[in-house]
Amino acid sequence: MGTESYTYMGRSFNEFSINDDSTSSAFSDCNSDRSGEFATTSSTSRRLFLACASENSDDLIRQLVSDLHSDSIEEQKQAAMEIRLLAKNKPENRIKIAKADAIKPLISLVTSQDLQLQEYGVTAILNLSLCDENKELIASSGAIKPLVRALNSGTSTAKENAACALLRLSQVEENKAAIGRSGAIPLLVNLLGSGGIRGKKDASTALYTLCSVKENKMRAVKAGIMKVLVELMADFESNMVDKSAYVLSVLVSVPEAKVALVEEGGVPVLVEIVEVGSQRQKEIAAVILLQICEDSVAVRSMVAREGAIPPLVVLTQSGTNRAKQKAEKLIEPLRQPRSTRISE
């Protein structure tokens with residue numbers, strides 16, 4: 001089948017496809033929305049694809065931003081959809097769109113009662129937030145609370161993309177506390193526990209970033225995150241063992257998290273990971289065990305009773321350098337839990 005050609009603004013282009021890259025790193029990268037493309041048969045959609053390939057999309061962007069203010073929901077949807085794709089597939093367009101004053105009208109769409117329009121607005125904001133220069137502007141324009149509402153009541157795609165957008169905004173340090181105060185943490189914990197695989201990955205990434213702030217750690221613990229993390233770590237088929245363990249490693253710096261971890265049955269799960277997990281999983285489990293054993297004779301005794309010493313000895317011989325170091329530091333206090341205090 002031959003490649004179909006189109007003409008737009010006096011230039012000819014070939015039809016092209018838009019592909020999403022996926023990664024298998026420890027955390028979801030949230031690089032752009034992965035919610036599926038839209039039908040490309042209409043003239044407006046063809047115009048979009050041509051604009052993506054064109055070096056000059058300024059005129060189209062100005063028109064689309066104007067359409068965001070339309071009284072017609074369908075026109076708003078079309079404009080938001082096209083802005084979403086323009087921002088997704090040409091990084092330079094993200095700056096152009098922001099400079100064309102698209103951010104505030106897009107935020108208004110995020111508050112829409114029309115769930116599809118809300119989803120398009122959320123996704124467009126996500127793709128604009130991929131540009132570092134846009135993050136502060138998006139947050140200062142009032143996007144955080146509407147994104148949190150979408151995380152609570154939007155479509156499954158809107159929830160996932162809202163989590164990604166909040167993650168991107170949380171990469172600006174000053175935004176972390178504001179996102180936590182806006183009620184995002186319990187909603188992200190819920191997405192981590194009950195979302196699809198992409199939602200779980202995106203929620204874990206956002207929580208890992210947001211919980212570098214102490215007040216957000218406390219919010220996560222109060223929201224029941226320990227139960228969710230322990231369940232995910234215990235399920236080696238979940239593809240969430242590493243991600244959950246990394247989130248846990250950030251949380252257990254606060255005493256309340258250590259207590260909750262023990263209460264939710266986390267100790268035997270961590271010991272099992274040290275025994276049968278991957279090298280990376282064994283390392284992070286050893287790190288967490290060292291953290292929770294540091295100030296508690298009772299926890300050291302519990303870890304020892306769960307049979308942690310033999311797999312830790314093996315880890316000192318075959319683990320990563322960091323895993324060997326942590327395992328060696330932990331073994332002696334486990335053998336004499338009452339007389340030895342761990343010091344980092």
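Everything numeric here is computed off the predicted structure, so don't read it as measured data.
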Requested in this report: Verify side chain to side chain contact (heavy atoms under 4.5 Å, CB included) between L248 and M226, making sure each step is shown before the conclusion.
Outcome: CA-CA 8 Å; L248 181 56; M226 286 302 165; 3.4 Å; yes

Using modelled atom types only, decide if a donor and an acceptor are shared between the side chain of [X] and the backbone of [Y] within a distance under 3.5 Å.
{"X": "K217", "Y": "C211", "result": "yes"}
{"X": "T205", "Y": "K201", "result": "yes"}
{"X": "K135", "Y": "L169", "result": "no"}
{"X": "Q76", "Y": "S70", "result": "yes"}

Hey, are [X] and [Y] close enough for a salt bridge, meaning a charged N less than 4.0 Å from a carboxylate O?
{"X": "R198", "Y": "E160", "value": "yes"}
{"X": "K324", "Y": "E328", "value": "no"}
{"X": "D202", "Y": "K159", "value": "no"}
{"X": "K96", "Y": "E92", "value": "no"}

Report task. State which residues pass salt bridge (Lys or Arg N to Asp or Glu O under 4.0 Å) with E263; sequence neighbours excluded, sorted by chain then number. Result ->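 Per chain and number, E263 pairs via salt bridge (Lys or Arg N to Asp or Glu O under 4.0 Å) with no residue.
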
Shortest non-hydrogen contact from [X] toward [Y]:
{"X": "V122", "Y": "A162", "value": "CG1-N, 3.5 Å"}
{"X": "A80", "Y": "L109", "value": "CB-CD1, 3.7 Å"}
{"X": "N175", "Y": "S170", "value": "CB-CA, 4.5 Å"}
{"X": "S278", "Y": "D242", "value": "OG-OD2, 4.3 Å"}
{"X": "V228", "Y": "G193", "value": "CG1-CA, 3.7 Å"}
{"X": "K176", "Y": "S212", "value": "NZ-OG, 2.8 Å"}

Query raised in the report: Where do L270 and M233 land on the side chain to side chain contact (heavy atoms under 4.5 Å, CB included) test, with the steps shown first?
Result: CA-CA 8 Å; L270 288 166; M233 288 191 303; 4.3 Å; yes

Mind checking the [atom1]-[atom2] spacing from [X] to [Y]? Nearest 0.5 Å is all I need.
{"X": "I185", "Y": "N216", "atom1": "CD1", "atom2": "CG", "result": "4.0 Å"}
{"X": "L147", "Y": "L187", "atom1": "CG", "atom2": "CG", "result": "12.0 Å"}
{"X": "L68", "Y": "I107", "atom1": "CG", "atom2": "CD1", "result": "11.5 Å"}
{"X": "I83", "Y": "L128", "atom1": "CD1", "atom2": "CG", "result": "7.5 Å"}
{"X": "Q281", "Y": "E275", "atom1": "CD", "atom2": "CD", "result": "13.5 Å"}
{"X": "Q78", "Y": "I73", "atom1": "CD", "atom2": "CD1", "result": "14.5 Å"}

Report task. Check the pair D114, Q118 against side-chain hydrogen bond (donor to acceptor under 3.5 Å, both in side chains), reporting the backbone distance first and the verdict last. Result -> CA-CA 6 Å; D114 185 295; Q118 180 192 61; over 6 Å; no

Requested in this report: Would you indicate whether Q113, at its atom CD, is surrounded by more than 12 heavy atoms from other residues, nucleotides or ligands within a distance under 6.0 Å?
Outcome: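 Not buried by this count: 12 neighbours or fewer within 6.0 Å.
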
Query - K258/L261 under side chain to side chain contact (heavy atoms under 4.5 Å, CB included): CA gap, chis, key distance, verdict - result: CA-CA 5 Å; K258 295 178 183 180; L261 174 62; 5.7 Å; no

Report task. Flag the pair L60 / E82 as yes when at least one side-chain heavy-atom distance between them is below 4.5 Å, and no otherwise. Result ->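 Yes. Closest side-chain heavy atoms under 4.5 Å.
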
Report task. Given side-chain hydrogen bond (donor to acceptor under 3.5 Å, both in side chains), test Q279 with E283 step by step and report yes or no. Result -> CA-CA 6 Å; Q279 285 297 323; E283 176 184 310; over 6 Å; no

Query raised in the report: Should L188 and L210 be marked as a side chain to side chain contact (heavy atoms under 4.5 Å, CB included) after you check the CA-CA gap, both sets of side-chain angles, and the distance that decides it?
Result: CA-CA 10 Å; L188 288 167; L210 288 166; 3.6 Å; yes

